[in-house]
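Please read the structure below before turning to the comments.
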Amino acid sequence: MTRSAFVTRYVYGFDEPAAGGRELLGGKGVGLAEMTQLGVPVPAGFTITTDACRAYLREGEVPAGLDGEVDEHLARLEQQTGKRFGDLEDPLLVSVRSGAAVSMPGMMDSILNLGLSDTAADGLARTTGNPRFARDSYRRLMQMFGEVVDGVDGHRFEQALGDLKRERGVQQDVDLTADDLARLIETYKAIYLQETGGEFPQDARTQLRRAVLAVFESWKNPRAQVYRRTYAIPDDIGTAVNVVQMVFGNKGDRSATGVCFTRNPSTGEQGVYGEYLVNAQGEDVVAGIRTPQPVEEMRARLPEAYDQLLDTMARLEQHYRDMQDIEFTIEEGRLYLLQTRSAKRTAAAALKAAVDMTSEGLIGREEAIARIDPAALDQLLHPMLDPNAEFEVAARGLNASPGAASGAIVLDADTAEERGKAGESVILVGWETSPDDIHGMIQAKGVLTAHGGMTSHAAVVARGMGKPCVAGCDGLTIDAAAHTIRLGGHELREGDTITIDGGTGRVIVGEVALVPPQINEDFETVLGWADDVRRLRVRANADNPEDAAKAREFGAQGIGLCRTEHMFFGDRLPVVQEMILARDEEGRRAALDRLLPFQQSDFEAIFEAMAGLPVTIRLLDPPLHEFLPPIEEATDERMRRRIHALHEENPMLGTRGCRLGIQWPEIYEMQVRAIARAARAVRERTGEAPLVEIMHPLVAFKEELRRLRELTVEIMREEAPEIEYLCGTMIELPRAALRADEIAEYADFFSFGTNDLTQTTLGMSRDDAEGKFLTFYLEDGVLESNPFETLDQSGVGDLMRIGVERGRGAKPGLKLGICGEHGGEPRSVEFCHKLGLDYVSCSPYRVPLARLAAAQAVLKEAHRAEYVAAGG
Ligand code: ADP
Ligand code: MG
Ligand code: MG
């Protein structure tokens, strides 16, 4: 077209090449242009660019030149179709459809059948000899235009349609006659007049212009804003607008409209998977106006169109090399495509499609790896609610740990343990959980708490155990004394059955059918490919032999964090309390001597479960008060005084971690001794020495680690001189990261404890942040993501970078890992790869995800390198 190259061009025909792709034309526009240029049957049309939308939103008026360009393209469209827009006898009709660069399904609007008026509808009826079709199209236009452009409440139109159907004694829209529709049009006109104070616009160009502006405006509607915030879509990218020649699925029995996937989106199996409706238009299929038919039915009813559909889908898959989700319309036996996009799919389907497409030669292995969303793998490792089950949601909380479970409500950990051991399915329900409840959590099928966030005790422990957890469930209150709970509107007793879905946060009264986890060959195949590609090793956080075995099954290459504090609870707690409350060192040692055999057998079991793979054992970390009863429960005055003396205002920053081991070395001595004896025993029993790594928590000063290393070396020499081991430290305080050079002198390895490092760097106590001001920060956009879930790369991550540089600067061979929750979060895994860590360690159920994310990190890096090499 003849315009100076310096003026921004705002409109492109589907058949005109445009640089700028999806950002400029939107997803829908790019798809329509690409299909047109491929020779796939698509109605003619053009796209008004996102540039135009942005200019309009910025200036508050139509940008100069846009009207003229639209006129030119409309003229072209008239030429291509042989019809005139605004013609009163045989009008060209168009749809106006929104389409941003990022898909925002259902957020913005489309209007069909623009160009109809009272007179044009009569003309169309005459020209087509099909008054029913003409009037059906017109009444649809009035409703969509009324709703989208003038904000008329859609219910008013629905209501009128429903009333008419009732009066005529028919079930479905298609059973209304041409005469009925003529009456409906009169009613709609009255509604439009009443609601807007004006007549329905009769001029086609006015309709078009107002429709385009309404789509621009719809970018700002509250629903779209909320959606963008939820999915982190920038607010300023705007939408494109597509003007498309109408093709009609509502012209009679040889016309239809439908949606279809090129493979099954829930299983990934090959073969078309879709639904269609005869004699219908636009959204009728998804809107549930009539029950649609499976697409296979078309084979008998509209065989030619069906063949064409299969053929077209095969071509689209070949072209996009990915599973597509399409919209189509058949007008009197002829097929038209109206949309194509990459299909949303379940994790199982994504894996199957990726593996199949690789063997079909459509994509390569690396692309197969790149296509799987690591976070979605979680879905596969846990039972889920049966997608076909029907139920009512009683309350909602945070989706704290994925998977679903049904069981009897139990309100305390001891009962949960008892009934769980007896083989009953129980859900542990409480205001929150604490380390004291572990035994109950182990036996429960899932955990539901009223308080707490994504990193509350319940959430972290449940994720570690791979059990479903719904936390922070506002609709839950508990009356422990009465053994009852309130859940949403329901009053329930201990023992009643509930179902929780930790993947979505839903809580349901009663039992819901579950479907089992879907680990299968495809899963193994893709992860095997990922293993060939990744550089980072993946370990697991595991505190007991069961978790260790699970971790191995999921491909863990060792244990990166074996916490020892859980070994201090349960029936050992009284001895631990005795140790803490002892008057002097002698008393402490006596209690510790009794604990030692327990610790030793714990370690033996874990070493055996991880034979051949390294196990990092972290010495006692939590503040002592976690082992003590509340002061009110002190049995005597001495105990009361001792509890009082150990009380701390801020225990997370108090006497914990290596500070315990420095002040009372006999505690760590006992632990190291237990490790040494366990290693020895296992070596004797199996002939293979375990790969032991001893880790000291919460080190800030090199002097701390110097002393603890000395202690470690001494005991190991004494107990098991033949056992090789590493001695290292957590890096979880900013000072440790900054002084990594000095600390490295005494460390064989560092493990970044990013949970505490995040707390201490941000000065945020996790328990006081989540569910409180942090929630506000996230909602209000102060922060984009929760730093306890996704590593704060520029802050905490920068300290890690410093720790890596200074640590390896002082000691080049220093082994580096991460053992915070972040070790299993895909973006954080990529960051760890870039930092050059040796391994990430995460909960067993996240191991597959980390393996995949680590491979994707390599591919992204390679991709960037290629891009740079190509001068990009
Ligand atoms: P959404 O993004 O909500 O799917 P669309 O713009 O894709 O909105 O359109 C809504 C419905 O109308 C879809 O079913 C689409 O196939 C149909 N449709 C849109 N434009 C046309 C057209 N020109 N001819 C026939 N059907 C159309
Ligand atoms: Mg669509
Ligand atoms: Mg820590």
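Any value given below was found using the heavy atoms of this structure, including those in side chains, with hydrogens, waters and symmetry copies removed.
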With distance as the sole test, does R680 use its side chain to make a donor-acceptor pair with the main-chain N or O of E719 at under 3.5 Å?
yes
Mind checking what makes side-chain contact (heavy atoms from CB on, under 4.5 Å) contact with E669, not counting sequence neighbours?
R589, P665, R673, L711, I715
Applying the side chain to side chain contact (heavy atoms under 4.5 Å, CB included) criterion to F831, which one of T790, L791, V796, V840 satisfies it?
L791
Quick one: side chains of residues 437-447, donor-acceptor pairs under 3.5 Å with protein atoms, not counting sequence neighbours, listed by atom name and distance.
residue : atom : partner : partner atom : Å
D437    : OD2  : S434    : N            : 2.9
H439    : ND1  : D436    : O            : 3.2
H439    : NE2  : D414    : OD1          : 2.6

Check for a donor-acceptor pair, side chain of T760 on one end and backbone N or O of E732 on the other, with a separation under 3.5 Å.
yes
Output a table of donor-acceptor pairs, distance under 3.5 Å, between side-chain atoms of residues 744-753 and any protein atom two or more places apart or on a different chain; print 'none' if there are none.
residue : atom : partner : partner atom : Å
D748    : OD1  : R709    : NH2          : 3.2
D748    : OD2  : C727    : N            : 2.7

Enumerate donor-acceptor pairs with a distance under 3.5 Å from any side-chain N or O in residues 575-583 to protein atoms, sequence neighbours excluded.
residue : atom : partner : partner atom : Å
Q577    : NE2  : F627    : O            : 2.8
E578    : OE1  : R594    : NH1          : 3.2
E578    : OE2  : R594    : NH1          : 2.8

Test your reading of the model: is there a side-chain donor-acceptor pair from R806 to the backbone of L738, 3.5 Å cut-off?
yes
Would you kindly say whether T616 and R539 are connected by a side-chain donor-acceptor distance under 3.5 Å?
yes
For Q557 and V538, indicate whether the former's side chain and the latter's backbone hold a donor-acceptor pair under 3.5 Å.
yes
Modelled atom types, side-chain donor and acceptor of H696 and T729, under 3.5 Å:
no
Enumerate donor-acceptor pairs with a distance under 3.5 Å from any side-chain N or O in residues 643-651 to protein atoms, sequence neighbours excluded.
residue : atom : partner : partner atom : Å
E648    : OE1  : T655    : N            : 3.3
E648    : OE2  : T655    : N            : 2.7
E648    : OE2  : T655    : OG1          : 2.6

What pairs of residues pass the ring pair (Phe, Tyr, Trp, His ring centres under 6.0 Å) test when at least one of them lies in residues 700-724, not counting sequence neighbours?
none
Do you see a donor-acceptor pair shorter than 3.5 Å between the side chains of S841 and N541?
yes
Taking the side chain from R735 and the backbone from A700, do they hold a donor-acceptor pair closer than 3.5 Å?
yes
Could D531 and R851 be called an ion pair, given the rule that one side-chain N must be under 4.0 Å from one carboxylate O?
yes
Quick one: does any side-chain atom of D543 pair with a main-chain N or O of C562 as donor and acceptor, under 3.5 Å?
no
